[in-house]
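First the structure, in the form of structure tokens, and then the observations on it.
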Amino acid sequence: MRKFIVAGNWKMNTTVPQGVELAKAVAEKSKELPANVELVVAPPFTHLVCVADALKGSKVALSAQNCADKEKGAYTGEVSVDMLVSAGCSYTILGHSERRQYYGETDAKLVEKVKLALAAGLKVILCVGENLEEREAGRHFAVVTEQIKNVLYQFSAAEMASIVVAYEPVWAIGTGKTASAEQAEEIHACIRNVLEEKFGKAVADDTTILYGGSCKPSNAKELFAQPDIDGGLIGGAALKADDFIAIAESF
Ligand code: PEP
């Protein structure tokens, strides 16, 4: 049975005290959520230890937003998977479009990062998605299929149990433009088929596939009602505990 997950990507927002306050509010409000919905928050690196403390005793999982593509050593400014685990993370987001677009994150680099994350015992939320130009050229299925094949086809069926896919059309991220439920569902179904081709139906059926891109309380219900949409990766709306929880209540 695949899990329903709502994950909040805080990006480069909040100071440490603000992040701790937000995490405490999410932890408190999450008590009323049904047990089949998993909540995850992904604060900036600087917040992880304090947020882990704020989440203690709750069911909210802690995620990083990225990790280094090297194990350890002379890589100034980087944060390793072992550091993330020791800070209390059980997840890391990888391949967010902002990392791909602004920091040259390639599929090849992502394979290295996913390998390290899984070896350290982290679960991975792998982001894929087309940009506006690719969507307008009708290439969205091809782009997303290629991203999935380039990265996830390098892993085994057993490793897929620790991988969540997030479909995030780049044109919908932070723009207020949401993919319609139909547009999102057809890509999610395509991703599940691409996974099935390599790993078989059972693995494809068990893989959680999240939607991300201007998801908010007002549109989450329709998106999450789609058969292949198993939750959301939430940016802006994850910065308000009430909105984030309202999205998780949309199942
Ligand atoms: C994101 O960046 O992962 C995201 C989905 O952002 P937003 O919800 O703000 O569009």
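Whatever order the structure lists ligands and atoms in, that order sets their numbers, starting from 1. Each residue takes its place number in the sequence, starting with 1. Computed from a prediction, not measured in an experiment: that's the story for all the values here.
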May I ask you to identify the nearest protein heavy atom to atom 3 (O) of ligand 1, giving residue, atom name and distance to one decimal place in Å?
Glu168 OE2, 2.7 Å

Tell me which protein heavy atom sits closest to atom 9 (O) of ligand 1, plus the residue, atom name and distance to 0.1 Å.
Gly236 N, 2.8 Å

If you round to the nearest 0.5 Å, how far is NZ of Lys72 from OG of Ser80?
9.0 Å

Contact atoms of ligand 1, heavy-atom distance to Gly174 under 4.0 Å
7 (P), 9 (O), 10 (O)

Any idea which part of Ala172 is under 4.0 Å from ligand 1, heavy-atom wise: side chain, backbone, both or neither?
backbone

Within the 4.5 Å heavy-atom criterion, are Val165 and Thr207 side-chain neighbours or not?
yes

Spell out, as yes or no, whether a donor-acceptor pair under 3.5 Å connects the side chain of Asn219 to the backbone of Lys216.
yes

Residues which pass salt bridge (charged side-chain N to carboxylate O under 4.0 Å, His left out) with Asp82, listed by chain and number, not counting sequence neighbours:
none

Please confirm whether Ala237 approaches ligand 1 to less than 4.0 Å, judged on its heavy atoms.
no

Donor-acceptor pair, Arg135 side chain versus His140 backbone, under 3.5 Å?
no

Here the side-chain hydrogen bond (donor to acceptor under 3.5 Å, both in side chains) pairs for residues 225-251, sequence neighbours left out, are Arg2-Asp230, Lys29-Asp242, Arg192-Asp228, Arg192-Asp230

Distance to 0.1 Å, residue and atom name: give those for the protein heavy atom nearest to atom 2 (O) of ligand 1.
Lys11 NZ, 2.5 Å

Which residue supplies the protein heavy atom nearest to atom 1 (C) of ligand 1, what is that atom called, and how far is it?
His96 NE2, 3.2 Å

Numbered atoms and elements of ligand 1 in range of Gly212, under 4.0 angstrom, heavy atoms:
5 (C)

By number and element, which atoms of ligand 1 are closer than 4.0 Å to a non-hydrogen atom of Asn9?
2 (O), 3 (O)

Provide, to 0.1 Å, the distance between atom 8 (O) of ligand 1 and the closest protein heavy atom, together with that atom's residue and name.
Gly235 N, 2.8 Å

Distance-only N or O hit between ligand 1 and Thr175, under 3.5 Å
no

Heavy-atom contact check, 4.0 Å cutoff: does Lys216 meet ligand 1?
no

Report, in ascending order of atom number, the atoms of ligand 1 lying under 4.0 Å from any heavy atom of Gly213.
5 (C), 10 (O)

Per-residue contact class, Ile173 against ligand 1 - non-hydrogen pairs under 4.0 Å:
both

